[in-house]
K.L.:
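My structure is below; once you've seen it, I'll send some questions.
Side chains are part of it too, since the values below use all heavy atoms of this structure and drop only hydrogens, waters and symmetry mates.
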Amino acid sequence: MDLRDSAPLIVQNDLTVLLETDHEDFEAVRAELAWIAELIKSPKYLHTYRITPLSLWNAAASGIASARIVHFLEEKSKYGIPRKAAEQIIETHNRYGLLRLISANGCLLLESERPELLAQIKGRQDFRRFISGSSGLSDAAETPDFLVIRPDLRGLLKQELTRLGYPVIDQAGYHSGEELPVSLSGVTLRGYQEQAVDSFRSPAGTDSGSGVLVLPCGAGKTVIGIAVMARLSCATLILTTHITSVRQWMKEIRAKTDLDESRIGEYSGAHKQVSPITIATYQILTHRREKGGEQVHMNLFNSRDWGLIIYDEVHLLPAPVFRATADIQATRRLGLTATLVREDGREADVFSLIGPKLYDMPWKKLEESGWIARVTCSEVAVGMPRESMRLYYEADKRSRFRIAGENPAKIDVVMKILQRHKDEFILIIGQYLDQLRGIAKRLNLPLITGGMPQTDRERLYQDFRAGKVKVLAVSKVANFAVDLPDASVAVQVSGSYGSRQEEAQRLGRILRPKREANRAFFYTLVSKGTTEQEYALNRRVFLLEQGYEYRMEEGNDEL
DNA sequence: CCGAAGGCAG
DNA sequence: AATTTTGCCTTCGG
């Protein structure tokens, strides 16, 4: 084994990978590593990644060969790859594709080049329920060429086999659904958007037909969804997180296709229209009248012959919708998201029930080509005044986070930042209403919270867009409001615990391309010597994974 | 038919 | 481990 002291990686036996952050190749190696591993820890000088079965299968699905992975790791690591680790990478990677679902003569078949694997599955008590009738051979002891699978259990089977470590490539095809001619009008897709749409379409011969596209905020996920709809030209059900997003989809579909208004419907609390294009929230699907009661709106999946279902923000898809999705595997499914990471660890279910990752556009690449603003992130350490520190130490564990979050010294730091960015549009985002009210009062800023009526909000947005107001304080509504105007500076004064999701969303607020210098600034204020620092560490993980760096600043002198 | 207000759940 | 916001349902008044 030759020694490459100058290489930035160390690959360990357990498939964790360490990456030196001050290495000259850091950025290039990080970008490559992001395709095959997940970032799990990110202290300043040494980031820890883990290569998981799922990360390898997603890589396999996007066409990255195991040889390329091993070669890359070999070349970029100081001590090469331990033999065991290389074997395991190849073994796991190669399992993707061992099992295939196909349909023949109207039957659903599970086939493999490894008949002994099929025999093993057939022999398992807990897989008996998936197999229907005979498996092509009468003698149970013989090794089968294929297994006949109950079509209604197609989803569950894939879920179970993925859990067992044998993901299935599903080539059994899809029903085409009700026809609905759709053409795009007045839109030109950007290059990467075209690629994303293509990746969902049949790559030579095989029909991918289901899977997930990963794109940053502001990359135009809606347009891509609409373009897929136009290519397939069939009745489509679109599921999304909240009503504003439902309306957003409607608006864009109206603007960007030749569809008549009557063909587009909203299925929500207010309107229950089932049109050839129907847009609904996840909430209405999961809603129960009483605890443990029936989910009356789940029928939406069967209330029309959908040819395509679009899952917007697929990382937020709730458990009952997974269950319903297992039953409709013959329908094409498109997942859209900015991150495949879920806080509940159900990435494997996204993989087996929605589909594998088909396309991934890293944030940094979009930044390079100017489609989103270049952002400088800073973490500002703010010391706590003696009185708050005393309260902090006296408080029980659960109140501490809030006391640190509401650190009154943060106001002065906010003022300094406002000074630094005097003529720019600034959002001040926080978690606690008391804190925000305090800041808004001291600095004489308008404050938007969930309690503010929609019309009042819109008036403020307008003033902001017109430049009459340049600094706006906002509560958690900033995480959801689609129509919140764009700013070039965001100051996060507090957040909800370790949510990576939230950090990414808030950064998303300032990503829209800027007129002159295409730059934006993201500040996050963290109280020194408190638990807030640990949570901040976790919040950063997702953005670090995307290649953002955080500058460390001191907000005030020691108190 | 529509929108607003109040309650509850996630 | 917890604050806030949102969405859905029901009821009520026009």
K.L.:
Going by atom type alone, with no hydrogens or angles, which donor-acceptor pairs under 3.5 Å involve a side-chain atom of residues 459-477 of chain A and a protein atom two or more places apart or on another chain?
P.N.:
unit_1    : atom_1 : unit_2    : atom_2 : d
Arg459(A) : NH2    : Asp456(A) : OD1    : 3.4
Lys470(A) : NZ     : Asp423(A) : O      : 2.9
Ser475(A) : OG     : Val477(A) : N      : 3.4

K.L.:
Do the side chain of Thr240(A) and the main chain of His242(A) share a donor and acceptor less than 3.5 angstrom apart?
P.N.:
no
K.L.:
Which nucleotides of nucleotides 4-12 of chain C have their base under 4.0 Å from a protein heavy atom (B), which only their sugar-phosphate (S), and which neither (-), written as one string 5' to 3'?
P.N.:
SSSSSSS--
K.L.:
List the residues meeting ring-ring contact (aromatic ring centres under 6.0 Å, His included) with His297(A), not counting sequence neighbours, and say none if there are none.
P.N.:
Tyr267(A)
K.L.:
Please tell me whether Gln248(A) and Thr222(A) have a donor and an acceptor in their side chains that are separated by less than 3.5 angstrom.
P.N.:
no
K.L.:
For the residue pair Arg163(A) and Ser352(A), establish whether any side-chain heavy-atom pair is separated by less than 4.5 Å.
P.N.:
no
K.L.:
Just so I know, are the side chains of Trp363(A) and Leu511(A) near enough to count as touching, which here means a heavy-atom distance under 4.5 Å?
P.N.:
yes
K.L.:
Measure the distance from CZ on Arg400(A) to P on dT3(C) and round it to the nearest whole Å.
P.N.:
17 Å
K.L.:
Expressed as a whole number of angstroms, how long is the span from Leu285(A):CG to dA9(B):C1'?
P.N.:
16 Å
K.L.:
Dump every N/O contact between nucleotides 1-8 of chain B and the protein below 3.5 Å, one line per pair.
P.N.:
none

K.L.:
Taking only distance into account, with no hydrogens and no angle test, what donor-acceptor pairs under 3.5 Å do side-chain atoms of residues 441-451 of chain A form with protein atoms, sequence neighbours excluded?
P.N.:
unit_1    : atom_1 : unit_2    : atom_2 : d
Thr449(A) : OG1    : Gly451(A) : N      : 3.2

K.L.:
With sequence neighbours excluded, give me every side chain to side chain donor-acceptor pair (under 3.5 Å) pair touching residues 372-384 of chain A.
P.N.:
Thr376(A)-Arg519(A), Ser378(A)-Glu553(A), Glu379(A)-Arg540(A)
K.L.:
Looking for any heavy atom pair under 4.0 Å, which part of the strands does Tyr497(A) touch: base, sugar-phosphate only, or nothing?
P.N.:
base
